[in-house]
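Everything on this sheet refers to the single structure shown next.
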Protein chains: 2
Amino acid sequence: MEAITIKDIAKALNLSTSTVSRALRNSYEINPETKKLVMEYAERMNYRPNPIALSLKDSKSKSIGVIIPEIANHFFSQLINGIESIAYNLGYHVVIFQSHDSYEREVANTNYLVSRKVDGLLVSLASLTTDLFHFQDLMERGLPIVFLDRVPKEIETHKVVADNFAGAYEATKHLIQSGRKRIAHLTSPIYLSNTTERLAGYKQALEDHQLPFDESYVKYCHYGGKIVSENEAAIQEMLSLPEPPDAIFTASDKLTTGCMAVLQQKKIRIPDEIAIVGFTNIGVADLLNPPLTAVVQPAMDMGQQAVELLIRLIEHPQKNAEFEIRSLKTSLIIRQSSGHS
Amino acid sequence: MEAITIKDIAKALNLSTSTVSRALRNSYEINPETKKLVMEYAERMNYRPNPIALSLKDSKSKSIGVIIPEIANHFFSQLINGIESIAYNLGYHVVIFQSHDSYEREVANTNYLVSRKVDGLLVSLASLTTDLFHFQDLMERGLPIVFLDRVPKEIETHKVVADNFAGAYEATKHLIQSGRKRIAHLTSPIYLSNTTERLAGYKQALEDHQLPFDESYVKYCHYGGKIVSENEAAIQEMLSLPEPPDAIFTASDKLTTGCMAVLQQKKIRIPDEIAIVGFTNIGVADLLNPPLTAVVQPAMDMGQQAVELLIRLIEHPQKNAEFEIRSLKTSLIIRQSSGHS
DNA sequence: ATCGTTATCGGGAACGTTGCCAGTTGACAG
DNA sequence: CTGTCAACTGGCAACGTTCCCGATAACGAT
């Protein structure tokens with residue numbers, strides 16, 4: 001606990017704290033000998049500057065906050081790995097918070113991170129967030145924020161997303177080309193950017209292939225598949241339609257596995273009766289029964305690009321800012337669940 | 001950015017900072033009217049004490065550090081959820097770091113967290129950590145640490161683990177009772193507490209059922225299944241034995257899925273040719289092909305108990321300390337991969 | 001009138017660091 | 001011998017907060 005401070009060094013070497021400080025910072029106006037003396041002593045005593053004191057002084061912390069819905073999700077944990085790999089190399093620390101898709105938690109986490117003087121924020125919106133004031137306010141006050149994956153339309157800043165439209169289009173098209181006619185879409189709340197983009201891709205693919213769009217084939221699950229009963233109800237509703245779907249395109253990790261679980265439990269054969277394509281980064285897709293056809297997002301890459309943009313924003317405060325929206329390609333990995341022959 | 005401070009309040013209300021400070025803290029020696037004035041003004045201006053300043057002053061931060069091997073792992077993310085749920089309620093913040101099973105990273109993270117003045121540490125050891133000085137040193141300097149899951153024998157403090165011996169015993173016994181005779185064990189480096197305990201349970205089960213223990217049936221994967229080729233090599237070695245195993249008991253998430261992937265790729269039928277039981281908390285065990293028999297750890301509970309112990313340690317510095325080792329029961333969930341009829 | 005008490009408040013130091021402003025030397029030109 | 005200028009170093013304030021110590025006034029009690 002008794003960490004050594006600059007003051008201790010000053011006392012031991014009979015110097016002033018300022019001198020020590022400048023010596024350690026290798027200032028030109030310090031006698032090389034003194035410098036050497038200080039540096040060696042500091043080294044020997046294993047001196048580490050106190051980041052808290054520095055933060056207090058400079059209102060900077062060399063750390064960035066990450067707010068994501070949850071970490072128990074392959075997409076987000078890969079995202080984090082991407083973020084960390086870059087941030088680490090650039091000398092930034094990463095502080096992770098989960099919103100658990102709750103608006104209140106997101107706000108609380110945001111406030112805490114700000115009071116902790118993070119230099120910037122990386123955010124993927126909670127599914128239940130509709131009011132964006134807490135972020136808008138911060139941005140106006142000059143805090144750099146970069147959004148990724150689930151991004152708000154209303155805020156102007158750098159954003160990194162997957163090409164959801166193309167991914168959904170490709171997935172739907174794949175199902176169509178595999179012979180499916182009645183393709184359902186199980187997705188998240190409509191006010192997520194993801195949802196509308198994927199929905200649009202899905203619709204466009206239907207249209208381009210002369211299939212009708214039927215609103216009753218689209219189900220929005222507010223809790224993103226985390227509440228089983230909601231899933232189950234949504235799927236049950238679709239199955240009870242006069243013409244039940246012969247394929248389901250699911251829009252997230254949890255929705256996909258949740259859907260598979262429900263079908264399995266109902267003894268509905270995949271893909272014979274219903275084919276599935278999931279928008280998911282789940283790691284064991286090819287170990288599933290049946291192996292899952294998936295639209296995979298370049299999560300790691302997304303994380304990396306997002307930090308890069310953020311750190312650029314932090315270190316070169318906006319030259320009143322052209323903001324970028326980077327849209328990264330997804331890849332469709334075809335396995336058996338889509339019934340592709 | 002221009003957060004309001006106690007000084008601002010003092011100036012605005014024509015008081016001294018000390019008075020404001022005490023008013024906010026509801027000190028008895030402040031005139032109730034003054035108090036009201038201050039509190040209302042603070043409320044109106046949305047005053048929040050600066051945690052950095054507090055940390056500097058008290059060398060306390062009301063936050064705890066968590067160092068785990070990796071987040072992209074169901075066991076650990078559940079652990080985190082358990083930790084957060086309790087810590088949050090007790091007014092502590094949780095700062096998560098991944099060691100990625102690297103000793104250097106573990107040390108770096110530890111140092112950073114300590115310099116950031118976390119009030120305590122929750123640690124699950126990196127698989128490549130053998131030198132424990134960085135933790136021992138901290139403990140001697142009075143920093144509360146609680147280990148969980150992967151714990152060191154050499155350090156005396158609270159520990160929370162799963163009952164690895166019993167879990168492994170039960171898994172092995174289950175395989176034996178399902179008619180398997182040549183049960184292999186795919187596991188992590190031997191210097192992890194987990195590994196030895198699970199190995200012991202495995203051995204004991206063999207012995208109790210009059211099966212010979214054969215060292216060539218035990219493979220230690222240093223990278224815990226994260227490096228596919230290592231997995232593959234280990235499994236290949238076992239398959240090339242004169243008497244290849246008819247069952248494999250795998251000791252972790254990644255080892256389990258890795259093993260299944262290799263068998264699948266080699267077109268070895270599970271469980272017909274080789275049965276599998278995995279020590280894993282993977283969420284989609286029943287969606288796998290075949291559904292996976294698993295020894296599940298009460299990860300959430302483990303996390304919760306560990307924080308409780310840690311916070312107790314933080315808030316009631318050791319009454320020279322009876323240290324607890326809590327061992328929580330695992331549960332064997334039987335599915336098809338073990339070939340149970 | 002003097003003193004102790006109580007109630008209420010302000011001053012200043014401290015946490016660790018940096019940066020500005022001032023010294024204090026010594027050398028050297030004038 | 002003085003003035004100037006480097007070269008080097010020290011003092012101090014500041015970041016936001018708390019806490020110890022006093023200070024002030026009112027008010028009985030002595």
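Lettering follows sequence order; numbering is per chain, from 1.
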Checklist entry - Aromatic rings A:Phe97 and A:Tyr112: how do their planes relate, parallel, tilted or perpendicular, breaks at 30° and 60°? => result perpendicular
Checklist entry - Can you check the B:Asn14 CG to C:dG10 C1' distance for me, whole Å? => result 12 Å
Next on the checklist: If we check side-chain contact (heavy atoms from CB on, under 4.5 Å) with B:Leu310, which of these qualifies: B:Asp119, B:Leu121, B:Leu122?
Outcome noted: B:Leu122
Checklist entry - Within less than 4.0 Å of OP1 or OP2 of D:dT17, is there a side-chain N or O belonging to B:Ser21? => result no
Next on the checklist: Suppose we screen for ring pair (Phe, Tyr, Trp, His ring centres under 6.0 Å). Which residues come up paired with A:Phe147, at least two apart in sequence or across chains?
Outcome noted: A:Phe135
Next on the checklist: Please report the distance, rounded to the nearest Å, between CG in B:Leu24 and P in D:dC19.
Outcome noted: 13 Å
Next on the checklist: Salt bridge or not between B:Arg326 and B:Asp301? Use side-chain N to carboxylate O under 4.0 Å.
Outcome noted: no
Checklist entry - Taking CD1 from B:Ile6 and P from D:dC19, how many angstroms apart are they, rounded to a whole number? => result 11 Å
Checklist entry - Do any of residues 51-62 of chain B sit with a heavy atom less than 4.0 Å from DNA chain C, and if so which? => result B:Leu56, B:Lys57
Checklist entry - Given D:dC12, D:dT17, C:dG10, which nucleotide is nearest the side-chain atoms of B:Leu15? => result C:dG10
Item to check | Contacting residues from residues 25-47 of chain A, given that a heavy atom lies under 4.0 angstrom of DNA chain C | outcome: A:Arg25, A:Tyr47
Checklist entry - Would you say B:Leu125 and B:Glu106 make side-chain contact, with heavy atoms under 4.5 Å? => result yes
Next on the checklist: Determine whether a donor-acceptor pair (N or O, by modelled atom type, separation under 3.5 Å) exists between the side chain of A:Ser77 and the backbone of A:Asn73.
Outcome noted: yes
Item to check | Rounded interatomic separation in angstrom, taking CG from A:Asn50 and P from C:dC15 | outcome: 12 Å
Next on the checklist: Let me check the geometry of the helix from C:dA1-D:dT30 to C:dG30-D:dC1. What is the bend angle between the axes at its two ends, five pairs each, to 10°?
Outcome noted: 90°
Checklist entry - Is a donor on one side and an acceptor on the other found under 3.5 Å between the side chain of A:Lys117 and the backbone of A:Ile52? => result no
Item to check | Spacing between A:Asp8 atom CG and C:dT17 atom C1', to the nearest angstrom | outcome: 13 Å
Checklist entry - Could one point to a donor on the side chain of B:Ser16 or the base of C:dG11 with an acceptor on the other under 3.5 Å away? => result no
Checklist entry - What about B:Arg22: does its side chain form a donor-acceptor pair under 3.5 Å with the base of C:dG10? => result yes
Checklist entry - Got a sec, which pairs hit side-chain hydrogen bond (donor to acceptor under 3.5 Å, both in side chains) with one end in residues 32-45 of chain A, sequence neighbours left out? => result A:Asn26-A:Lys35
Checklist entry - Taking OP1 and OP2 of C:dT18, is either one under 4.0 Å from a side-chain nitrogen or oxygen of A:Ser18? => result no
Checklist entry - Quick one: side chain to side chain contact (heavy atoms under 4.5 Å, CB included) partners of B:Lys7, sequence neighbours excluded? => result B:Thr5, B:Thr17
Checklist entry - How long is the line joining NZ of B:Lys7 and C1' of C:dG10, in whole Å? => result 15 Å
Item to check | Under 3.5 Å side-chain donor-acceptor pair for A:Ser61 and B:Arg116 | outcome: no
Next on the checklist: What is the distance, to the nearest angstrom, from the CG atom on B:Leu13 to the C1' atom on C:dT8?
Outcome noted: 15 Å
Next on the checklist: What's the closest nucleotide to the side chain of B:Thr5 if the choices are D:dG11, C:dG12, D:dG16?
Outcome noted: D:dG16
Checklist entry - Any side-chain donor paired with an acceptor under 3.5 Å for B:Glu70 and A:Asn81? => result no
Checklist entry - Considering the options B:Leu309, B:Val160, B:Ile86, which one meets the side-chain contact (heavy atoms from CB on, under 4.5 Å) requirement together with B:Gln304? => result B:Ile86
